[in-house]
There are 2 protein chains.
Amino acid sequence: MRNFLKTKGLKMTSQRETIFRAFFESEPHMTVEELHERVISMDPAIAYTTVWRTLKLICEVGLGEKKYFGDGVVRYDRVTATPHGHLVCQKCGSTEEFFSSEITRLLQDRADESGLLPEEYRIEVVGICLKCRQQREASGDVTDTSAKGKSSAGDNVIDISGAGGM
Amino acid sequence: MRNFLKTKGLKMTSQRETIFRAFFESEPHMTVEELHERVISMDPAIAYTTVWRTLKLICEVGLGEKKYFGDGVVRYDRVTATPHGHLVCQKCGSTEEFFSSEITRLLQDRADESGLLPEEYRIEVVGICLKCRQQREASGDVTDTSAKGKSSAGDNVIDISGAGGM
DNA sequence: AAGCTAATTGCAATCGGATTGCAGCTACAT
DNA sequence: ATGTAGCTGCAATCCGATTGCAATTAGCTT
Ligand SMILES: [Mn+2]
Ligand SMILES: [Mn+2]
Ligand SMILES: [Zn+2]
Ligand SMILES: [Zn+2]
């Protein structure tokens, strides 16, 4: 890592060392603020701005990637050797990572067909996690909470042309 | 559409009619500002805020979805009967849509495994489009611009544990 | 058709995370 | 030890997203 920076004419500082540690050893998908909290617990003197700039640096060298999970805050993810996807709960914000070489391959093929040189993959399913659905039904909600079976967002057919007509 | 609003206690207005038209008849993935421009060309009196609120409404009733393609601006996409993915050029911002029932099925399976009730799918490949790569090579850049073949972001193995260690 | 009221709209103000300018501090090559 | 290109902390700024509010309007009621 130190060498990596060196070749770029960049310097290793105690702040960066701490922030790198925090980033690579904490749960993934942290916001700048969350990571800053973590960092502060290790070295109270490190500023938010420095965390922000270091995350930017991490992304620039290819070890990190910005992620937008839908709550309006940017999150930072570690880049893995092979792309991975996410299952995101829009209720509690929990995330689960998964790998799928089949999906990656299919996406690669699509990109190739179009002549797009892939740089980053975004593979996400956003929905309501099991835990949140169980809580909801516990509070007496009448909504269908079954996940098993064929229910999915894609099933309900939406007549867009009709809707656009008026 | 009018009926749809009615059942919700909502009103159809000339502004909404215009904005609906603009949204469903323009290219997909427009920003609020872009759509506002379009709307203004149809009715100069319609305010940005109204466009924003109407897009929000469209999303709430399930006909639209927010998208973050990486340039920091929210875009609005039409929801299709079956989920679709995107090929996004991070250089020129062009997008191409594609459908893949295989990918959708694989994602559905993953979600089911985890107990996540799918609500929205995000399937994107971000990279450099053919056109942009050709322009780059034309300006005498030495970078490898081949898209065909096995090149992909997933191939370069990144030793994260090592990086995190220091 | 006129009246009534909740919904909608335009505009200005505000919000809040992202980003930047800058003066003082520091890593590290020499 | 010295010099200089990089860093850092802090405050200021940016800017798209969101909201408060008074005037206006759609659609129901009489
Ligand atoms: Mn991840
Ligand atoms: Mn689309
Ligand atoms: Zn949840
Ligand atoms: Zn392009």
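No hydrogens, no waters, no symmetry mates; every other heavy atom, side chains included, goes into these values. Proteins come first, then strands; the chains are lettered A, B, ... in the order of their sequence lines, and each starts at number 1.
C/dG17 atom C1' lies 12 Å from atom CG of A/Asp71, rounded to whole Å. At whole-Å resolution of the value, CE in A/Met12 and P in C/dA29 are 13 Å apart. B/Glu17 has its CD atom 12 Å from the P atom of C/dT9, to the nearest Å. Rounding to whole angstrom units, NZ of residue A/Lys11 and C1' of D/dG6 are separated by 4 Å. Between the CD atom of B/Glu33 and the P atom of D/dC15 there is a distance of 12 Å, rounded to whole Å. Atom CG of B/Leu35 and atom P of D/dG16 are 16 Å apart (whole Å). The nearest whole Å value for the distance from the CD atom in A/Glu34 to the C1' atom in C/dG17 is 13 Å. Separating the CG atom of B/Leu57 from the C1' atom of D/dT18 is a distance of 16 Å, rounded to the nearest angstrom.
Closest approach to the A/Trp52 side chain among D/dA17, C/dT19, C/dC11 is made by C/dT19 (side chain taken as heavy atoms from C-beta onward). With distances taken from any side-chain atom of B/Lys56 to the nucleotides C/dA6, D/dA17, D/dT19, the minimum falls on D/dT19. Between C/dT9, C/dA18, C/dT20, one nucleotide has an atom nearer to the side chain of B/Arg16 than all others, and that is C/dT9.
Helical stems involving DNA chain C, defined as 3 or more consecutive Watson-Crick or G-U pairs under 3.5 Å, span C:1-30 with D:1-30.
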Exercise. Test A/Glu124 against A/Arg122 for salt bridge (charged side-chain N to carboxylate O under 4.0 Å, His left out), laying out the working first.
Key: CA-CA 6 Å; A/Glu124 277 126 46; A/Arg122 295 184 193 154; over 6 Å; no
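Using bins of under 30°, 30° to 60° and over 60° for the plane-to-plane angle, the ring pair A/His84/A/Phe99 lands in the tilted bin.
Inspection of the B/Ser114 and A/Glu96 side chains reveals an N or O donor paired with an N or O acceptor under 3.5 Å.
In the hydrophobic clustering of ILVMFWY residues, with side-chain heavy atoms under 4.5 Å counting as a link, A/Phe20 and A/Leu55 come out together.
Close to D/dA17, at under 4.0 Å from its OP1 or OP2, lies a side-chain N or O of B/Tyr48. Taking 4.0 angstrom as the limit, A/Thr13 places a side-chain polar atom (N or O) nearer than this to OP1 or OP2 of D/dT8. Note on A/Thr31: every side-chain N or O is 4.0 Å or more away from OP1 and OP2 of C/dG17. Proximity of B/Gln15 to the phosphate of C/dG10: a side-chain N or O atom is located under 4.0 Å from OP1 or OP2.
Within 3.5 Å, a donor on the side chain of B/Arg53 pairs with an acceptor on the base of C/dG10, or the reverse.
Nucleotides of DNA chain D nearest to A/Thr54 and B/Gly72 differ in position, and the one nearer the 5' end is that of A/Thr54. Between B/Ser14 and B/Val74, the residue anchored nearer the 5' end of DNA chain D, judged by the nucleotide with its closest heavy atom, is B/Val74.
With salt bridges taken as basic N to acidic carboxylate O contacts below 4.0 Å, one links A/Arg38 and A/Glu27.
Side-chain atoms of B/Arg16 come within 3.5 Å of backbone N or O of B/Lys11 as a donor-acceptor pair. In this structure, A/Arg133 contributes its side chain and B/Leu116 its backbone to no donor-acceptor pair below 3.5 Å.
For A/Arg75, the side-chain contact (heavy atoms from CB on, under 4.5 Å) partners are A/His29, A/Thr31, A/Glu34, A/Lys67, A/Phe69, A/Asp71, not counting sequence neighbours.
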